[in-house]
Amino acid sequence: MKRIGFLIWLLSIMLIQFPVRSLETASLDNQFEYLNIKEQAQFLRTPRYALLSEVQHRSGWKEGFSIEPLATDQSLWGRFQVRNDSGSQERFDLIIANPGLDEVDIHILDDRERILKALMMGAKRPLSSREVNHRHFVSRLDMSPGEQLNIYFRIADSGPMVFSAELWHDEALIKTEQANMALIGMIGGALAILFFYYLITYVLLRSPVRFWFAMASLSFMLLFLNIEGILAQLIPGLSKYISVISSALAALVLFNAAKVSHLMLRGVPIYWRYASYVLSYLLFFSALVLNDYWKLIVAIGLAGATVGLQFALAWRFSNRRDGRPNRIYAIGWSCISLVALVQAGLYLSGVILDADLSLYMMLLILFGVLLIALALEAHEQAKTRHREQRQSNTINDLRRFYDLFRNSAEGLYTSTMEGRLITTNPAMCSLFGYDDEKQMLRECRTTAQLYASQQDRLSLVDDLREKGVVMGKEIRGVRRDGTEFWFSISVQLRREHNEDYLFGTIFDITERKESNLSLEYMATHDPLTGVHNRREFERSLKSALEQASQKGEELTLLYMDLDQFKVVNDTCGHKAGDVLIKQLSKQLNDVVEGRGLLARLGGDEFGILLQGEQASDDNAYLLANKLLNVLQQFRFVWENRIFTLGISIGLVPYDEHIHSSEQLLSMADSACYMAKEEGRNQIHAYSKKDERIQRYETELHWVSLINQALQHDSFELYYQHYHPLHKLSEGYHYEILLRMRGNDGEITSPGTFLPAAERYNLTAQIDKWVIEHYFIWLAENPQHTAHLVKANINLSGHSLGDKDLRLFVLNAFEKYAIPYNKICFEITESVAIIKMDETLQFIKTFHQLGCQFALDDFGSGFSSYGYLKSLPVDFVKIDGSFVKDLLVDPVDMAMVRSIKEVAKAMGMQTVAEFVESKEIMVELGKIGVDYAQGYGVAKPANIKQFSPLVLSEEKTD
């Protein structure tokens with residue numbers, strides 16, 4: 001029994017050490033020339049760096065293999081056996097054909113499994129590691145008669161397993177290689193000839209299509225030599241980049257081919273051009289970022305799409321003008337497309353063509369390239385014919401131009417810079433009162449005679465020297481008989497035969513000029529009263545302010561508002577009102593004329609600008625009193641009805657603190673308003689001691705501080721937490737608040753400066769500042785943004801009416817990549833009701849993108865419930881006046897309950913403001929309010945020191 005057990009153990013050891021092989025041995029006799037090893041060998045996928053000794057004894061060897069790419073930790077091993085049955089010493093060559101394979105190892109073993117030769121080659125390894133300096137991977141086998149060799153080869157690559165493995169008799173390989181190298185040289189040489197020919201002809205003819213075809217030929221030649229492994233053989237170290245270079249060169253070939261195509265074909269839409277370029281760019285970038293497998297798949301796909309597109313465009317536009325060159329061009333692309341399609345299909349199927357057959361197919365592609373070159377030459381010849389035709393047409397056009405010059409309705413002339421008249425046409429002669437050209441050229445010694453003012457001609461010449469051309473300059477001219485008229489002149493300065501010439505056209509604009517003068521009067525005067533209008537008055541006021549500030553001149557503004565004018569309009573109609581304003585304006589102008597500038601600023605508002613001596617305090621007050629007396633004595637009669645009117649006058653003298661016409665007008669308007677409050681028919685002089693004026697100046701001070709804060713980012717963003725009353729907080733939910741930081745570092749609340757901002761239309765700028773700076777802060781704090789559930793941002797009423805705000809907010813969301821669903825805009829109820837259309841449009845725009853909206857201070861208006869149906873908001877913020885006394889005032893309790901019930905019925909959530917104690921929070925939870933906000937939850941804090949809400953979790957409902 002022990003002997004039997006020993007024999008079984010020995011037999012198992014022998015089976016492990018010497019596994020049974022089913023590999024057939026290839027016989028190499030005297031007739032042998034070539035053997036396709038892939039049909040003879042067995043293959044096995046192993047760990048990437050498995051040793052030969054491990055691979056020899058592995059099971060699972062199979063005939064054939066999949067072209068699917070290897071995993072990063074795999075290698076493909078192949079093995080086969082050969083025996084020399086020729087009866088003599090022979091040399092054979094083993095070739096693994098694919099220059100781009102990363103690693104190729106070949107092990108030659110004798111029939112006793114002893115290693116005779118081991119080669120470590122591959123694209124990622126130096127060229128010096130190859131036994132033979134060849135573009136493929138070659139191992140020489142010197143075999144004695146009857147010698148048997150076991151050959152193992154290992155391949156590691158990131159691309160598909162597409163390669164050929166061949167065994168050649170040395171003499172047969174030399175003959176085949178000589179033929180193949182001849183074909184490679186012929187194809188490469190033909191492409192090189194095309195490159196140099198078209199590059200040289202481009203330099204001579206400056207034809208862009210020749211340049212791009214030369215570049216296409218060069219890049220195609222380099223691509224061909226790289227695919228064949230010639231470049232890697234010539235340039236050491238290039239082999240490791242074969243796949244990248246191939247993809248990049250393919251992209252370059254297709255880009256240049258697209259350039260040629262779009263220059264050859266007429267009428268190709270611009271979007272097809274961009275499509276061609278984009279496909280080329282994608283192919284180029286795929287070479288840089290993808291691995292070898294996907295690089296190949298993407299390259300074949302993109303190249304196929306580009307070739308297909310060029311093929312389709314070539315046939316689509318081949319029947320247009322220059323049809324014959326385009327048809328030849330289309331046939332060339334047909335050859336290229338067909339061969340490329342066949343080769344790509346075979347390659348992806350794992351079929352590797354013989355080297356000579358592959359080169360023959362490349363000859364077909366070269367034939368297509370030559371057809372394209374022939375089409376290009378035909379295209380250039382056609383362009384030459386068209387150019388000659390255009391030149392002929394130009395000569396005919398010149399003849400027609402001469403006829404047009406002679407018969408033109410506009411005056412045409414040529415002169416020197418000094419004014420010597422060289423040519424003229426009949427219309428020019430007629431315009432200036434001459435009988436014909438001869439008379440005009442004889443009598444008009446210089447063009448200076450044609451100008452009423454010599455300064456006009458000198459100004460025209462100066463403009464020509466500076467700009468080279470003058471268009472539509474209006475000048476007063478003089479006819480032969482001395483009468484003046486207006487003409488429009490357009491002149492171009494050209495240099496011919498080393499001398500400057502003026503080429504000009506002239507036509508009569510006298511009627512239009514007279515009409516324009518009337519229009520200028522209408523543009524500066526009120527059409528009803530004939531006094532100056534508001535625009536002209538503001539322009540004059542601005543100019544007067546500049547003189548007053550620079551030269552110290554006195555300036556006073558009177559602002560007048562009629563009393564009882566509305567009574568006339570309402571009782572007698574607008575026609576009577578127009579007659580009244582017209583009569584009154586004449587009365588006022590009779591008093592003001594010669595002393596100042598009177599203008600109608602509005603329906604029943606007038607302004608008077610006084611300068612110099614007339615602007616002194618005594619003269620200004622005296623004039624105002626005269627105007628007051630005129631109005632008191634004035635009686636307006638309409639249809640047997642007599643009306644008396646009054647006038648309120650605001651008087652403002654200039655001082656150094658006034659910086660703009662708008663400021664001065666506003667001060668005068670305020671003084672006029674105060675005159676009305678004092679009982680009408682009054683004169684109120686502006687005074688800094690007036691409390692109302694002080695309030696006005698305070699507002700101006702805040703306006704200055706607001707503008708400074710906007711310019712220097714002196715605002716601070718604060719936040720105040722929201723606390724959910726019926727669920728646990730899932731993240732950050734707070735309202736963004738605004739504070740102003742003074743020069744001394746003091747923080748000012750918005751209740752102090754926002755009223756001034758609203759009066760002077762600065763709220764839209766403030767809202768933009770808040771949105772942009774908060775979005776910047778979110779973009780700089782992505783962790784905070786990830787935990788953010790909702791941030792409420794207040795928008796003022798003036799902002800909703802700002803047409804630019806919507807675009808600004810949309811751009812801010814895109815610029816800083818802020819999710820729309822994290823922002824809730826708060827709109828005050830009173831403003832939303834007043835600006836209903838703007839509010840609804842704004843809400844609609846951002847609701848569709850995912851933003852939410854809250855109605856702030858709800859309940860403070862008289863019609864809150866009625867308007868709530870019209871506003872598609874998501875949150876209703878209960879006005880704090882109902883919340884702070886909730887526990888002691890039953891009416892406030894009822895109001896909060898009512899608002900909560902209405903909001904719930906409309907699918908809206910509620911937020912209670914001014915929650916100042918834990919007890920109020922608990923009661924709100926019982927009522928069913930969704931969120932609480934106030935000092936009882938958390939005080940406002942600077943967003944830069946953000947901290948999550950820490951509140952003891954108690955059930956509040």
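Gln42 contributes atom CD, which lies 9.0 Å from atom OH of Tyr152 (distance to the nearest 0.5 angstrom). Note that the CG atom of Leu76 and the CG atom of Leu70 stand 6.0 Å from one another [nearest 0.5 Å]. A distance of 7.5 Å separates CD of Glu33 from OG1 of Thr176, quoted to the nearest 0.5 Å. Once rounded to the nearest 0.5 Å, the distance linking CE of Met161 with CD of Glu68 reads 11.0 Å. With values rounded to the nearest 0.5 angstrom, Phe224 atom CZ is found 7.5 Å from Ile230 atom CD1. Atoms CZ and CZ, from Phe163 and Phe137 in turn, are 11.5 Å apart once rounded to the nearest 0.5 Å.
Not counting sequence neighbours, the partners of Lys117 by the salt bridge (charged side-chain N to carboxylate O under 4.0 Å, His left out) test are Glu131. Applying the side chain to side chain donor-acceptor pair (under 3.5 Å) test to Ser129 and every residue at least two apart in sequence or in another chain returns nothing. Arg48 is linked by a salt bridge (charged side-chain N to carboxylate O under 4.0 Å, His left out) to Glu103, counting only residues two or more places apart in sequence or in another chain. Remark: Glu90 pairs with Ser88, His169 by the side chain to side chain donor-acceptor pair (under 3.5 Å) rule, at least two apart or across chains. A search for salt bridge (charged side-chain N to carboxylate O under 4.0 Å, His left out) contacts involving Arg114 returns Asp110, not counting sequence neighbours. Applying the side-chain contact (heavy atoms from CB on, under 4.5 Å) test to Asn781 and every residue at least two apart in sequence or in another chain returns Trp777, His784. The salt bridge (charged side-chain N to carboxylate O under 4.0 Å, His left out) search around Asp93 returns Arg140, not counting sequence neighbours. Residues satisfying the side-chain contact (heavy atoms from CB on, under 4.5 Å) test with Leu35, not counting sequence neighbours, are Ala26, Phe32, Leu167. When the side-chain contact (heavy atoms from CB on, under 4.5 Å) test is applied to Ala190, the partners found at least two apart in sequence or on another chain are Leu366. Annotation: ring pair (Phe, Tyr, Trp, His ring centres under 6.0 Å) contacts of Phe211 (sequence neighbours excluded): Tyr202.
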Q: For the pair Phe213 and Val209, evaluate side chain to side chain contact (heavy atoms under 4.5 Å, CB included) and give the outcome as yes or no after the intermediate values.
A: CA-CA 6 Å; Phe213 188 77; Val209 70; 5.6 Å; no

(Q) I'd like to know whether Phe80 forms a side chain to side chain contact (heavy atoms under 4.5 Å, CB included) with Leu94, so could you lay out the CA-CA distance, the side-chain angles of the two residues, the decisive distance to 0.1 Å, and finally the verdict. (A) CA-CA 11 Å; Phe80 66 98; Leu94 169 63; 4.1 Å; yes

Q | side chain to side chain contact (heavy atoms under 4.5 Å, CB included) evaluation trace for Met215 with Phe195 | A | CA-CA 7 Å; Met215 293 299 104; Phe195 163 69; 3.5 Å; yes

Q: Tell me, with the steps shown, if Val104 and Leu119 meet side chain to side chain contact (heavy atoms under 4.5 Å, CB included).
A: CA-CA 8 Å; Val104 178; Leu119 298 175; over 6 Å; no

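Using bins of under 30°, 30° to 60° and over 60° for the plane-to-plane angle, the ring pair His107/Trp77 lands in the parallel bin.
Taking every heavy atom of both residues into account, Ser217 and Leu194 meet most closely at OG-CB, 3.7 Å. The minimum heavy-atom distance linking Pro69 with Ser158 is given by the pair CB-O, 4.0 Å. The shortest heavy-atom contact between Ala216 and Val253 is O-CG2, 4.4 Å. In terms of heavy-atom proximity, Phe43 sits nearest to Gly64 at CD1-N, 3.8 Å. Residues Ala50 and Val55 approach most closely at CB-CG2, 4.0 Å, considering heavy atoms. In terms of heavy-atom proximity, Ser75 sits nearest to Ala156 at OG-CB, 3.9 Å.
Using modelled atom types, one finds no donor on one side chain facing an acceptor on the other under 3.5 Å when comparing Asp142 with Gln89.
Side chain of Asn84 to main chain of Ser144: a donor-acceptor pair is present (N/O by atom type, distance under 3.5 Å, no hydrogens or angles).
Using a 4.5 Å heavy-atom threshold, the side chains of Asn150 and Glu113 count as touching. Side-chain atoms of Leu173 and Ile95, non-hydrogen and from C-beta on, do get closer than 4.5 Å to each other. Ile184 has its side chain within reach of Arg135: a pair of non-hydrogen atoms, C-beta onward, lies under 4.5 Å apart. Put simply, the side chain of Leu52 reaches to within 4.5 Å of the side chain of Leu109, judged on heavy atoms. Taking 4.5 Å as the limit, some side-chain heavy atom of Arg154 sits within range of a side-chain heavy atom of Tyr49. Considering only heavy atoms from C-beta on, Arg83 stays 4.5 Å or farther from Asp111 through its side chain. Under the 4.5 Å side-chain criterion, counting only non-hydrogen atoms from C-beta, Met121 is not in contact with Ile96. Between Asp157 and Asn98, every side-chain heavy-atom pair lies at or beyond the 4.5 Å cut-off.
Taking the six-membered ring for Trp, Phe775 and Phe813 have ring centres closer than 6.0 Å.
Pairs engaging residues 209-226 under the salt bridge (Lys or Arg N to Asp or Glu O under 4.0 Å) rule: Arg210-Glu377, Arg210-Glu380 [sequence neighbours left out]. Every pair tested for salt bridge (Lys or Arg N to Asp or Glu O under 4.0 Å) that includes a residue from residues 49-67 fails, sequence neighbours excluded, so the list is empty.
No cation-pi contact links Lys822 to Tyr732, judged by a cut-off of 6.0 Å to the six-membered ring centre and 45° from its axis.
Heavy atoms of other residues, nucleotides or ligands lying less than 6.0 angstrom from OH of Tyr820 number more than 12. Within 6.0 Å of CD in Gln74 there are more than 12 heavy atoms belonging to other residues, nucleotides or ligands.
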